[in-house]
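What follows is a single structure, written as structure tokens, with notes after it.
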Amino acid sequence: MNDGRTWWKEAVVYQIYPRSFHNANDDGIGDLRGISEKVDYLDDLGVDVVWLCPVYDSPLVDGGYDVRDYRAIHDDYGTMADWETLRDDLHARDIRLIMDMVTNHTSDEHEWFRKSRRKAGKYRDYYWWVDGDPDRPPNNWESFFGGPAWSYDERREAWYLHLFDEKQPDLNWRNPDVRESLFEMVRWWIEKDCDGFRFDVINLISKPPDLPDGDPDSTQRGKEQFINGPRVHEYVRELHDRVLDDYDVVTVGETSDVTIDEALRFHEDGLDMVFSFQHLHIDKGDRGPWDFDEWTLDELRDATARWQRGLEDGAWNSIFLGNHDQPRLVSRFGDDEEYRAESAKMLATYLFTLRGTPFVYQGDEIGMTNPTFRRLDEYRDEATIQKVMLALQTGDVSTFDKIRDAVDFWSRDNARTPMQWSDDENAGFTDGEPWIKVNENFPEVNVEREQGDEDSVLNYYRRLVVLRHSTPVLVYGRYVQLLEDHPEIYAYLRTLNDESERLLVVLNFFDGEPTFRLPDDVTDDRSEKLVGNYGDRAGDSIAEIDLRPYEALVYRLE
């Protein structure tokens, strides 16, 4: 890997969930032609890379992460020609395109699985099959969707492993034919001018061959066995050496429960970045999937600083607060009512001023918020529905209303409501019936309204993109923590190694009005304000600043 200057370190990545971005044919489902119609919007925003969530042929049990054919496009999204048009439209604007690649599992409708259940030739052991009593699973592992991670297949008369939905059987990476098939498919996409990959749950691809039981007291039984399994680094290194190293592509691994040491090993294996989720665990409770706790700034700051320091020498961070699986960042870490715009801008400042590549999820750049789902039948996310139904069936909860608020907060559907383009019907997403409800606040929160407002969240994001592109210290500078334990203010420096340039970042994470005081060892002989989410400040000194609710400030120190 190249540890010096690279295009992907200097890039801003924009994640698109195609089903919800823009609909061109009025069937209520976002599609590739709809994205092509909005490439000028992406260009105006200034992003360098589009990460496209799965558009492969799929039964869509899990939003396309259940792939039926890796080399075909689902009819809902269009055709391969539409994908090629989108690729070309993006490349014409110097925007790269990375695909979401699912290599831990396929759909049970994939031809590999159909042949495997028939024990056909080399496909016999493409998946994790275990013979045995149909009333007794091979071990006690639990699925990420709730319930057992094993299902019994009557046709083959054996159990198969699925760490997600029962229609998503896990591939057996121990089989070299499986690896060869996957590597050939990845190379096929690169040869189609794909610029890289986000590898879905890449650290789950290795399982211990003896399939031991998991800790019975764990919140998800078995995870210590199948997360970062025994041969995972060998497999990732082989993928890099045999395919990825031949091309100038970027790779990002989704890595559940990864430690800094494990992340460093994945970097050595050839992944450019990994997604760490420790900073997104600070509000998760330990009493089940719908439990949540109040988070503190100490927890967020400690998690962030640990990774900023831990990956400082050679490795690289991915910076994000939201994606297609998480609540909207302004509803989770900001204030989605009184200070929606201010807190959205403050959180954006956090994303763009840390060391690492920032990832923006569609709609965050206009401050989209969690919607309100009033009934269970309004949800579309299979993981949400399955977990709720399991809780009702087991008696863990007596009625849906008992957990509705928690489900409303955690459901992956929060991030999947349609992109809000205008105050027209269905937020300008479609002229048809949307596949999922539109957030009711779209008349106030939409692109069209924010385009013409110089003080909008959208235009603030644009300024941050320009600032990052024009300020090398924001990309390559070291991270220096200030105010280690302030309950409201998160402050840090970004500085080049020769200290020829230093930036000060001050973030008020709450709605109070605390006073920031510059530490004695940081001089402020001269300072220049580069960006802030309120109007101009009186006075030039930054030695003492009375902050406003959710205020964000970035200064150049000289």
Side-chain angles (χ1 to χ4, degrees), residues 260 276-287 291-310 317 319-322 326-356 364 367 369-370 409-410 460 478-495 502-522 524 527 529 531-534 537 539 541-555 557:
I260 290 175
S276 157
F277 293 88
Q278 289 182 4
H279 63 305
L280 297 185
H281 291 167
I282 61 176
D283 54 353
K284 289 183 179 292
D286 56 6
R287 297 179 296 276
D291 188 26
F292 59 89
D293 290 331
E294 294 294 325
W295 62 276
T296 67
L297 184 56
D298 276 344
E299 293 172 308
L300 179 63
R301 178 170 45 223
D302 290 350
T304 302
R306 192 179 311 120
W307 280 83
Q308 288 286 292
R309 293 162 176 157
N317 273 292
I319 310 299
F320 70 106
L321 282 173
Q326 303 291 333
R328 284 287 178 180
L329 62 85
V330 71
S331 295
R332 187 174 190 177
F333 295 110
D335 180 339
D336 57 12
E337 295 180 354
E338 183 177 1
Y339 295 106
R340 183 192 63 84
E342 291 84 357
S343 63
K345 295 175 188 177
M346 183 276 293
L347 293 168
T349 311
Y350 165 95
L351 290 173
F352 278 84
T353 57
L354 290 168
R355 179 181 169 88
D364 286 343
T369 66
N370 285 356
F409 179 79
W410 283 121
Y460 189 80
R478 291 184 298 111
Y479 168 92
V480 180
Q481 181 69 58
L482 304 177
L483 307 186
E484 293 281 354
D485 56 3
H486 197 289
E488 298 171 275
I489 301 173
Y490 190 176
Y492 45 91
L493 298 174
R494 298 295 311 283
T495 177
R502 295 184 304 158
L503 298 187
L504 169 67
V505 181
V506 181
L507 307 172
N508 178 12
F509 258 80
F510 301 99
D511 60 1
E513 299 184 358
T515 298
F516 168 78
R517 293 180 176 83
L518 195 68
D520 293 338
D521 58 348
V522 181
D524 68 326
S527 62
K529 179 184 167 186
V531 72
N533 61 345
Y534 280 84
R537 294 195 138 269
S541 174
I542 60 170
E544 188 171 296
I545 305 173
D546 294 324
L547 295 170
R548 289 163 283 193
Y550 294 100
E551 185 160 16
L553 293 163
V554 180
Y555 290 93
L557 305 182

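Each residue takes its place number in the sequence, starting with 1.
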- Report the C-alpha distance between D511 and E338 in whole Å, list the side-chain angles of each, state the deciding distance to 0.1 Å, and finish with yes or no for side-chain contact (heavy atoms from CB on, under 4.5 Å). CA-CA 9 Å; D511 60 1; E338 183 177 1; 5.8 Å; no
- Task: Tell me, with the steps shown, if I282 and D293 meet side-chain contact (heavy atoms from CB on, under 4.5 Å).
- Result: CA-CA 8 Å; I282 61 176; D293 290 331; over 6 Å; no
- Task: Please test I542 against L557 for side-chain contact (heavy atoms from CB on, under 4.5 Å), starting from the C-alpha separation and ending with a verdict.
- Result: CA-CA 10 Å; I542 60 170; L557 305 182; 3.4 Å; yes
- Query: Which is it for R332 and D283 under the side-chain contact (heavy atoms from CB on, under 4.5 Å) test, yes or no, and what are the steps along the way?
  - Reply: CA-CA 9 Å; R332 187 174 190 177; D283 54 353; 2.9 Å; yes
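Of the possible polar contacts, one joining the N533 side chain to the Y550 backbone as a donor-acceptor pair under 3.5 Å is found. Side chain of Q481 to main chain of A491: a donor-acceptor pair is present (N/O by atom type, distance under 3.5 Å, no hydrogens or angles). Within the 3.5 Å criterion, the main-chain N or O of S331 finds no donor-acceptor partner in the side chain of N370. Distance alone, capped at 3.5 Å, is enough to place a donor-acceptor pair between the R494 side chain and the L354 backbone.
At a threshold of 4.5 Å between non-hydrogen side-chain atoms, the residues N508 and P514 count as touching. Proximity of I545 to L553: side-chain heavy atoms (C-beta onward) are separated by under 4.5 Å at one or more points. The side-chain heavy atoms of L547 and F510, taken from C-beta on, include no pair separated by under 4.5 Å.
Aromatic ring pairs are classed by plane angle as parallel below 30°, tilted from 30° to 60° and perpendicular above 60°; the pair F509 and Y490 is tilted.
Under 3.5 Å, the side chains of Y479 and T495 contain no donor-acceptor pair of N or O atoms. Side-chain atoms of D336 and T369 include no donor-acceptor pair closer than 3.5 Å.
Heavy atoms only, all atoms of each residue included: V506 and L504 are closest at CG2-CG, 3.9 Å. Residues L482 and P519 come closest through the heavy atom pair CD2-CG, 4.2 Å. Contact record, F333 with L321: CE1-CD2, 3.9 Å, taken as the closest heavy-atom pair. Of all heavy-atom pairs spanning T353 and Y492, the tightest one is OG1-OH, 2.6 Å.
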Please list every donor-acceptor pair under 3.5 Å in which a side-chain atom of residues 340-349 meets a protein atom from a residue at least two apart or in another chain.
| residue | atom | partner | partner atom | Å |
| --- | --- | --- | --- | --- |
| R340 | NH1 | I366 | O | 3.1 |
| R340 | NH1 | G367 | O | 3.1 |
| S343 | OG | D335 | N | 3.0 |
| S343 | OG | D335 | O | 3.3 |
| S343 | OG | Y339 | O | 2.8 |
| S343 | OG | R340 | O | 3.3 |
| K345 | NZ | D455 | O | 2.5 |
| K345 | NZ | D455 | OD1 | 3.4 |
| T349 | OG1 | K345 | O | 2.8 |
| T349 | OG1 | Y460 | OH | 2.7 |

Show me, pair by pair, the donor-acceptor contacts under 3.5 angstrom made by side chains of residues 300-307, not counting sequence neighbours?
| residue | atom | partner | partner atom | Å |
| --- | --- | --- | --- | --- |
| R301 | NE | E484 | O | 3.1 |
| R301 | NH1 | H486 | O | 3.1 |
| R301 | NH1 | I489 | O | 2.9 |
| R301 | NH2 | D298 | OD1 | 2.5 |
| R301 | NH2 | H486 | O | 2.7 |
| T304 | OG1 | L300 | O | 2.8 |
| T304 | OG1 | Y350 | OH | 2.7 |
| R306 | NH1 | Q278 | OE1 | 3.2 |
| W307 | NE1 | S276 | OG | 3.4 |
| W307 | NE1 | Q278 | OE1 | 3.0 |

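By the 6.0 Å and 45° rule, K284 does not stack over the aromatic ring of W295.
Residue D546 qualifies as enclosed at atom CG: its count of foreign heavy atoms under 6.0 Å is above 12.
Residues in residues 346-355 take part in no salt bridge (charged side-chain N to carboxylate O under 4.0 Å, His left out) pair, two or more places apart or across chains.
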